[in-house]
Participant: 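Next up is a structure, given as structure tokens.
The figures that follow rest on heavy atoms only: side chains count, while hydrogens, waters and symmetry mates do not. Residues take their numbers from the sequence shown, with the count starting at 1. All ligand and atom numbering here is 1-based and tracks the order in the structure.
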Amino acid sequence: MRYKIALLGGDGIGPAIINEGVKVLNSIEHRFGIKFEYEKALIGGCAYDDCGHPLPESTLSIAKDADAVFLGAVGDWKYDSLPPELRPEKALLGIRKALNLFANLRPVTVFDELTDASTLKENVIKGVDIMIVRELTGDVYFGQPRGIEEINGERAGFNNMIYFEKEIERVAHVAFQTAQKRKKKLCSVDKANVLDASRLWREVVTAVSDNYPDVELTHMYVDNAAMQLIRDPKQFDVIVTGNIFGDILSDEASMLPGSLGMLPSASLSNNQKGLFEPIHGSAPDLKGKNIVNPIATILSAAMMMRYSFGLDDAALLIEKSVKNILKMGYRTKDIYIPDTAGTSIVSTTQMGDLVSKEILNL
Ligand code: IPM
Ligand code: MG
């Protein structure tokens with residue numbers, strides 16, 4: 001079997017963590033007798049520097065042509081003064097939209113080995129296993145009209161929170177089906193007490209639930225959900241929510257496992273094609289230091305095996321290897337707690353080496 005993977009390292013620490021992901025994929029090729037063909041392309045600030053646009057046509061066509069896209073991160077403060085349509089982040093939104101990646105899966109798993117890396121108490125987080133399904137191509141991120149205009153003699157900034165029924169329906173189906181494969185509990189998060197867009201969201205999700213009588217559906221307001229995630233995260237199995245709420249809640253949830261550097265994501269369409277990226281950003285201040293955690297990216301590669309290629313065994317092997325390496329006490333700086341017996345700090349590249357070797361050993 002051959003699979004085509006578009007490699008979009010991006011900015012900041014992006015290319016470095018993608019390198020570690022590719023190391024792991026090399027081991028998977030070895031173990032499973034399959035072949036990955038890589039095609040590299042620029043995205044974000046580096047693409048702007050190269051050709052004046054953060055998402056060049058050539059990058060988009062490589063992404064469209066591939067079976068899956070493996071992305072690092074985009075953004076750097078040096079592009080902060082660019083007009084909005086040329087900012088690196090616009091490329092990320094652009095590629096999500098162009099590939100119709102409407103369902104963003106963000107698993108939040110607390111590894112037993114890392115319960116001390118979180119700022120929260122062990123009894124609250126131990127055993128947490130949540131899947132956040134974030135709608136990714138609608139909402140206030142893409143709604144029109146938007147802009148900054150002069151209204152009544154002063155400037156006003158505005159965006160439109162808008163959801164179409166079909167957008168809600170299709171992501172709800174993904175969420176219910178995800179719940180069916182797990183503990184069969186789905187919590188839909190909205191702000192239906194205030195927002196019309198959320199009122200429709202709730203109505204449509206409720207209607208879709210008729211197709212999934214085996215899944216228990218609950219609704220929660222987003223402010224309450226933000227609180228409940230910290231108070232008692234184990235009450236959640238699958239969460240489905242809109243683009244902006246999902247953006248915020250997933251960063252919050254990353255503090256359960258203790259580090260943004262641990263959280264992978266898969267952005268999926270109706271077909272098998274997906275984009276796989278860590279949920280963290282490009283951290284330009286950490287670029288070139290070889291200290292960041294590549295595990296979020298490595299676990300994103302595992303999601304690629306599972307969701308785009310249907311290689312569940314390969315996904316499980318990557319996840320098992322990560323777990324073993326953590327069990328052996330290896331920690332990157334973000335998850336290292338000083339004076340913890342049996343643990344030691346490793347660099348980004350060492351962590352990648354350790355996990356890829358473990359895959360060959362298992
Ligand atoms: C994410 C990021 C992006 C988003 C930014 C970089 C545009 O925060 O993937 O969560 O807001 O979707
Ligand atoms: Mg975010």
Participant: Can you tell me how far the CG atom of L275 sits from the OG atom of S265, to the nearest 0.5 Å?
Facilitator: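 The CG atom of L275 sits 7.5 Å away from the OG atom of S265.
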Participant: On the ring face of F142, is K97 found with NZ or CZ under 6.0 Å from the centre and within 45° of the axis?
Facilitator: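 Positive - K97 is close enough to the ring of F142 and near enough to its axis.
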Participant: Tell me whether the guanidinium CZ or amine NZ of R170 lies under 6.0 angstrom from the six-membered ring centre of Y163 and within 45° of its axis.
Facilitator: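 That pair does not qualify as a cation-pi contact.
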Participant: Are F309 and Y3 close enough that their ring centres sit under 6.0 Å apart?
Facilitator: yes
Participant: Quick one: pull up CD in E89 and OG in S282 and give me the separation to the nearest 0.5 Å.
Facilitator: 7.5 Å
Participant: Give every pair made of an N or O atom of ligand 1 and a protein N or O atom lying under 3.5 Å apart, one pair per line with both atom names and the distance to 0.1 Å, or write 'none'.
Facilitator:
| unit_1 | atom_1 | unit_2 | atom_2 | d |
| --- | --- | --- | --- | --- |
| ligand 1 | 8 (O) | D247 | OD1 | 3.2 |
| ligand 1 | 9 (O) | R96 | NH2 | 2.7 |
| ligand 1 | 9 (O) | R106 | NH2 | 2.9 |
| ligand 1 | 10 (O) | R106 | NH1 | 3.2 |
| ligand 1 | 10 (O) | R106 | NH2 | 3.1 |
| ligand 1 | 10 (O) | R134 | NH1 | 3.2 |
| ligand 1 | 10 (O) | D247 | OD1 | 2.9 |
| ligand 1 | 11 (O) | Y141 | OH | 2.5 |
| ligand 1 | 12 (O) | R96 | NH1 | 2.8 |
| ligand 1 | 12 (O) | R134 | NH1 | 3.3 |
| ligand 1 | 12 (O) | R134 | NH2 | 2.8 |

Participant: Report the C-alpha distance between V128 and T109 in whole Å, list the side-chain angles of each, state the deciding distance to 0.1 Å, and finish with yes or no for side-chain contact (heavy atoms from CB on, under 4.5 Å).
Facilitator: CA-CA 6 Å; V128 161; T109 319; over 6 Å; no
Participant: Do you know which N/O/S atom name in D247 is closest to the Mg ion (ligand 2)?
Facilitator: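 D247's closest N, O or S atom to the Mg ion (ligand 2) is named OD1.
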